[in-house]
Structures are given as C-alpha cells and as structure tokens.
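Worksheet: one structure, shown below.
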Protein chains: 4
Amino acid sequence: MIIVMEHKAAEQDIQAVMDKLSQAGFQLHLSQGVSRTIIGVIGANTKERVTAMAVEAMPGVEKVVPILHPFKLAGRDFKPEPTQVQVGDLSIGGKGVHVMAGPCAVECEEQLMQVARLVKEAGATILRGGAYKPRTSPYSFQGLGEEGLKLLAQAREATGLKIVTEVTAVEHLPLVIEYADILQVGARNMQNFHLLKEIGKTGKPVLLKRGPCATFEEWILAAEYIMAEGNFNVIF
Amino acid sequence: MIIVMEHKAAEQDIQAVMDKLSQAGFQLHLSQGVSRTIIGVIGANTKERVTAMAVEAMPGVEKVVPILHPFKLAGRDFKPEPTQVQVGDLSIGGKGVHVMAGPCAVECEEQLMQVARLVKEAGATILRGGAYKPRTSPYSFQGLGEEGLKLLAQAREATGLKIVTEVTAVEHLPLVIEYADILQVGARNMQNFHLLKEIGKTGKPVLLKRGPCATFEEWILAAEYIMAEGNFNVIF
Amino acid sequence: MIIVMEHKAAEQDIQAVMDKLSQAGFQLHLSQGVSRTIIGVIGANTKERVTAMAVEAMPGVEKVVPILHPFKLAGRDFKPEPTQVQVGDLSIGGKGVHVMAGPCAVECEEQLMQVARLVKEAGATILRGGAYKPRTSPYSFQGLGEEGLKLLAQAREATGLKIVTEVTAVEHLPLVIEYADILQVGARNMQNFHLLKEIGKTGKPVLLKRGPCATFEEWILAAEYIMAEGNFNVIF
Amino acid sequence: MIIVMEHKAAEQDIQAVMDKLSQAGFQLHLSQGVSRTIIGVIGANTKERVTAMAVEAMPGVEKVVPILHPFKLAGRDFKPEPTQVQVGDLSIGGKGVHVMAGPCAVECEEQLMQVARLVKEAGATILRGGAYKPRTSPYSFQGLGEEGLKLLAQAREATGLKIVTEVTAVEHLPLVIEYADILQVGARNMQNFHLLKEIGKTGKPVLLKRGPCATFEEWILAAEYIMAEGNFNVIF
C-alpha cells in the first residue's frame, strides 16, 4: 500500500499520517520525491486495515494506491501454475482445446438430439443448451425447466458429450446440479453474488461469463466469490 | 407487426409468407413500395405468434419490425395516467418531490441516527441505508444484515422518515419486507429476474435502479417482470 | 416509411397526417390494427422528405419507423455481390485470408526490418505500422512522421509486403498516400467526418476501424461518408 | 514512479532493475514488503524516461505504477487556483453561473432570432447554435456553414449574447474564429488531436465536450493537448 501525499503537503500532515500508521503497527518507508512525498506501508492485510482507518480522508493525502491485486485465491500469487478443471475424463485448461456448442435454448427432443449429434460430429466435447433462460422480457420463452434438463441428460447418454447449462436462481441449483456437468453463470448474473456464493459451496465446475460492461477485475472478483466458498473449478 | 421483404424479393417468397400468416388467422395488408414490399400483420398477440412461426427466417424476409412496445403493463397504453406510488402517507410520483437520502451502508447506531436526523432536518422524507450490500469484492464489508434493518426501523421510529433499503437475494426478502417501506433493487440486480418476480409477488413499493449499460427498454422490461406478478408500485 | 399513430389517436389527427402526406405526393396505405393505426408511406426519398415535414411532431403520431437502411452505397441493395478491394495484386474480401501484422509504431529501421521479415515468414501479406500515432497524452511518442513512412516503404521494398498505415489528419493525407498501399482510419477518428470525406476523394483502399462504443450502423455510415465521395474501397 | 516486483521475484532480477535505474541517475528507495518488493523511483521526468527504458518488460517486474497524474498543465499542481475563462465581459468559472442555450443547428434567420430572444429573456448569457454539424449520416443536414456563422453574429448584435459554436475541422477554424466567442469541440472530436492542437494555437476560449465512452483522464488529457500549445482557456 502506497500513500501519495499532495504536492506541497504540510510537514505536519505527513507526520500525522505516519503517526497513525505506525501506531497501528505498520512498518513505513518514507520517500520524498521531486514533487510528492510518498509513504510505503508494510504489514498484514494492509488494504482492509488502511481502508478502515480512513487514511484517504486525512488532510494532505492525495490518494492511496494498492500494490497488491484485490483478489487472492484467483491470482497467480496463490496458485502459480495454470488451472485445470476436471470434468469427468476431460481436463479443461490443459493442452487440448474443448469446444462447447449447442442451441441457445433446449426446445424439444428432436431439436436437441439433432443438434447434439451434429455438435459431436463436428468435434465438440461439451453440449451447451439452456433449460432456464434469463430473458429481457417476461413474455419471452423462459426455458423448459426440468424437462429441458432431462433432455440434456438424454443427449449426453446418446452422444457421450458433457453438458453445460445455465443456472439463473439459487432455488434451481439443487436440480441443475443433478443434471449438469458444468454450471453456467450468464453475463447478467455475473454479479449476482448470492448465486455465486451458493455455487461456491457445490464444488461443481462453473463457466463464469463476463457481465455487460464488467471490467476484468470485476470478473475475477466474481470468481473470487465462488472460490472463497471453496470451489476452485472456475472456467472463464 | 410489419414484415419487410428484401429488395427484389421473389414473388413466390412474398406469397409464401402471406399464405403462412393468413392460414394462421392474421389479417394482412400488402404494400408494394418503390424498393421494398412490406406486409402489415394484424391480430392478437402478433409478436409472440409471428416470432414462434419463425417468419423472420423465411426466404426473402429482410426483417420483422414490431409496431407495439415490448412491454404492456408498464406502458401508457395500459395505464394512461401518471403512476403514483403510495408509501404510508407519502405519495411518490405526484406533485411533491420526495428526496431519499442516507448512508451507503448502515454501519452503527450512532452513525445512522446522526445521519437520519440531518437528513430529516434537510427536508428529506425517506431514509436510505443498506443492510445488505452487493460488493464487487467478497472481502469488502457486506452489511450488518438484520442488525442493520433493526437500526433502520429505530431511525424511522425516532424521525418519522420512511425507509428504503436494498434487497440482494430472494432468501432475504421475507426479512427485509418486515422492516422496509420501499425495497431497493440495485443496479447489478436489475436483471436478476428471479428476484424481480419474487418482489412482484409482495405488492411492496420498489425502487428499481437502472443496471450498468442497460437500455431504457431493458429497464422498463425489468419493471414489467415485477408488474406481471401483480405489483404495480414500481419507482424508477 | 411507416407512421405509427398513438393508441386511441383521434380520427381527425389520423386524417391530418394523411392529408399532409398525400398533398406532398406520397402514396399511402392505411392499416387499422387492433390497438394502433399505422400508415405506410410510399414514394421517393421518403425518409428525408417525411423528416423535413416534421410529421413525427404532429398530434397523435407515436413514432415514425424507417423501413430502409439509412445507408445506401454501403448496403447490399446498391451492390448485392460481396466487395473485393484490390491492393496491387492482392484481392481483399475474396476467398483467401490476408493477415496484416506489424508493430504499433514504427520506431527505427532495425525494429521495422526485423518485424517485417518475421511477419513475412509467418505468412502475412500486409505490414502494419504507425508513422503518425494518435495518443491519449500529448507527451507520448507521436510517431516518426515522414521518416516512418520512408522506413515502411523500405520494408515493402525488402519483403514485398504491402503497407497499411494510419492517417490521423487531413493535412498529412497527401504525404501518407504517396507511401501507403492502404490507409488506416483509427478507432478514434471513425467519426472525424472531414477526414473521411477527404479520404473518399482519393480512391485509395481504406481500413476503417470501429470507434469506441460505435454501433454497427454508425460504422457503416462512416463508410458511407467515404463512399459518397466516390471511394468504394472500404475494408471493415 | 513505483516498480512493483513479482511475488517471489529473484534477488538478481531486483538487482538488475535497480542497477539499470541507478545508472540512469534515478534515486531509488527499496522497500521489501510481506509479499512484494517495491522500488520507488525519484527523478525528473520519471514517467517518460522509465517508459523509454522498458523497465516494465524486465524479468521479475509485475507492474509500473505512476504516482503523478499523466497531465501537467491541466492539473492543480501546476495551477492550484480555480480557472476562470474570460469571454468578453463574462467570466466563466467564477461565482456566477452562465447558461449557454440555443438550437442544435442554425436553420434560418427567423428560427435563430426567435430562439435568441427567448434564450436571452430566460436569462442565458451565451447563445449556442451549430453552423457546422457533425452528422452520423452524410445525408443529414450538415449545417449552413458561413451563412450560419453570419446569422449567429447577427443574433449576437441584436441581443448582446455571446456565441458558442462547434468547429469540426481544422480547415474551418480560421472562419469560425472570426465569428465565435467560444469554440465548441464536440463529443466525437474530443480525440481529434490535430484539431485540438490547432485550437491550442488560437488562444480562443474552448468548450470541450466529453467523448463517447471517454474516461475523465482521457478528457483531461484532451484539454492538455490544447493547453500544451499555449491555450489555457478550456471549459469542460
């Protein structure tokens, strides 16, 4: 954590910041530059603690610059080697490329079985299809629900493809888990934090889509919600 | 509903579209323009039915242009007069202006009571404060939960202000309803359709915030989800 | 052009719109639907003329819906077959795929010649490199200017690759044209209409990048600016 | 400038970065934290010089964090007091509020004179109207050009209002300057850097609009382009 003082910050303001931080047990590094004084802050959980101390609001402080990423479990510091997510006998994130393909929505047996066969022939290993559809309008087709999940299972049986399907609400989760090999979190649910936490408790592989307008950091932090509950099988 | 045929669409393609639609019972108006043939389609539920018939995918069809808004209950056709939402003795949407103010998060009794008094003195009629906070990072303060709701109720008792507070998950809804005068749906939950539906069943006034990057039409359709369950007390 | 009247529009308002349009020489098609009256308007240049007549502001009119695309030269109506842009002996837009690669900015002879050779070996046919760089900050490197163009020409000489390079201002255009095989319009200049027009007068192949946040329609209309001046060699 | 080394960066990588920077004459502050080593870099023009040295690409370096804002002239360090832009006898940025109002485009004498009188009566001090219009479509009305500028001057004469009008191309600048009291840079030209530079040479007050999707920093840096040429009369 770096505290950047304002241009021409008063000596006493600099001192006040340093006193407050050293009383809290942080180790400090003062660096007086050409146009700014900056204070390096070293210690455990600096971000949470410095934020809680409201240092950014103290007189003479221009900004507080975090040095570490805001995510922990989702970063390379915690786990330097590349992640591989095991889905049955498939390993996603390894050297092979897995293509997931299929219809937006599961509509009926005929449609799904035909698409599944074509997808299989074309070389994909995972079948995608929605049984619960998040729709902009309440008057659009909302998906077949459990009936759609059963058709997906039937297509898996017939083709050997794995199944990825979206879960849009916590209350559908127990049912979707029974059928899906990979849970999909759709773009509009990327920051449905309650759903993320519940998925985190399942251990099931998750395909986490990026939300509309979400930054990469927000996306990674959404994964952090899942991982913080113990589920590290997140596919971006 | 208007069907726009491609420039130089074949006569037989135009005929095929018209046959299909008239067999389905629609009344049609053919209009042959300078560079396009267009077909007006009249009947009940044209949008849903024409979409289901996959007319847009027929040979020679350039596009299908809806004439009506995709929302029904949220529009002026259904309810021409301006909406007023009654919150106890306050009427929101009438001539008076109501200001809702307060802290981002309820932090403690002292903070909330002090802010509530200041907000009241400044002329606001509704106190806002979060007991459940949707946070980008799982490591940020997530709100006091029920303890925060109790403090809000205490502030209402002391000041006479009404209370608006965010509900972030279906499972918190029964508890939040007990305390809140107005439920807030935050920007990131604007398309959490399951939450919208459950709120729709309560009849409680709702403050529906616009989601990141959401269009106005998407916003109105989010309200439509709430209204379709019977709750017309939506504040934008 | 379709005029959609308001739900329950008065008979006299509908008549007033029809009178105005038929006096202007348009052919009209009236269609009275379940909840809306719509008027189809047929004639030459309907969009410009109906807009100029301010029909949208007449009492009882809900909206005016254009049927034709706003672009003309850039659309399939005008030119149904796929566009091929000829760059010397290369034909872009045909069956082969051409890769354009190279450094963001031309920095020096050594850098450019080395990259050009690698790009050539890897199978690309066109070398990309900026001699004029549009930079967010005035203090960032702004490109080598003509010196950079000369290096690009030298790399072309040595490798046989074609050259694509960005033009950021009308006043640089005469110079850039001398050296470039393809002019690049960068994302931030997509709606620099004056630049587009001047490029339109040159006949030179243009690579038109999509602007930040621009819709597809805005992008196509930017191409229309170039084409309206007579230059149809636009690469998206 | 702060150099953040990777978690577990090798001792020799840290040393290599420090050697390179100290040989370049920078003063360094090493700070070994719990999970990161960071190096504070002090000297003149650190950002440009450290960037040019490509330190960010050296082994073991995670990121380079600038401490100073990327803008100079547009910031409070350079000019701590609030900016006031003088437009004749009006001072913009002082205690009074000035409203600029008027039509999108100057269409004809009657329209402009009528609007100007209404705007004046309503209390505005500056008349806005476009003589050169940047239009998404080349087929939309592009403005009256010099004729529009003359009408604006006539309205100024009649009402005493000051005039703000958009300049969309460098080649129109000499003419627009003759008539306008304030130049407007439209949203789509915010990063037309060549135009910004030329406006910077004029000393004329400029109203700089924020571009579509531009960040605040990009906006301020656009102003920096104008200021770096000597024109500090920028209104945001």
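All figures in this text were calculated on a predicted structure; none of them were measured in a lab.
Using a 4.5 Å heavy-atom threshold, the side chains of Val65(D) and Ile2(A) count as separate. Leu68(A) has its side chain out of reach of Val4(D): every pair of non-hydrogen atoms, C-beta onward, lies at least 4.5 Å apart. Side chains of Asp77(D) and Arg36(A) form a contact here, defined as non-hydrogen atoms less than 4.5 Å apart.
Summarising the geometry, atom NE2 belonging to His29(A) is positioned 7.5 Å from atom CG belonging to Leu30(D); distances are rounded to the nearest 0.5 Å. Once rounded to the nearest 0.5 Å, the distance linking CZ of Arg76(A) with CD of Glu6(D) reads 11.0 Å.
For Lys8(D), no part lies under 4.5 angstrom from a heavy atom of chain A. If you measure heavy-atom distances from Ile67(D) to chain A, the contacts under 4.5 Å come from both the backbone and the side chain.
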Evaluate the side-chain contact (heavy atoms from CB on, under 4.5 Å) criterion for residues Glu62(A) and His69(D): first the C-alpha distance (whole Å), next the side-chain angles of each, then the deciding distance (0.1 Å), finally the verdict.
CA-CA 11 Å; Glu62(A) 183 173 298; His69(D) 295 302; 3.4 Å; yes
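Counting non-hydrogen atoms of neighbouring residues, nucleotides and ligands closer than 6.0 angstrom, the NZ atom of Lys79(D) exceeds 12 such neighbours.
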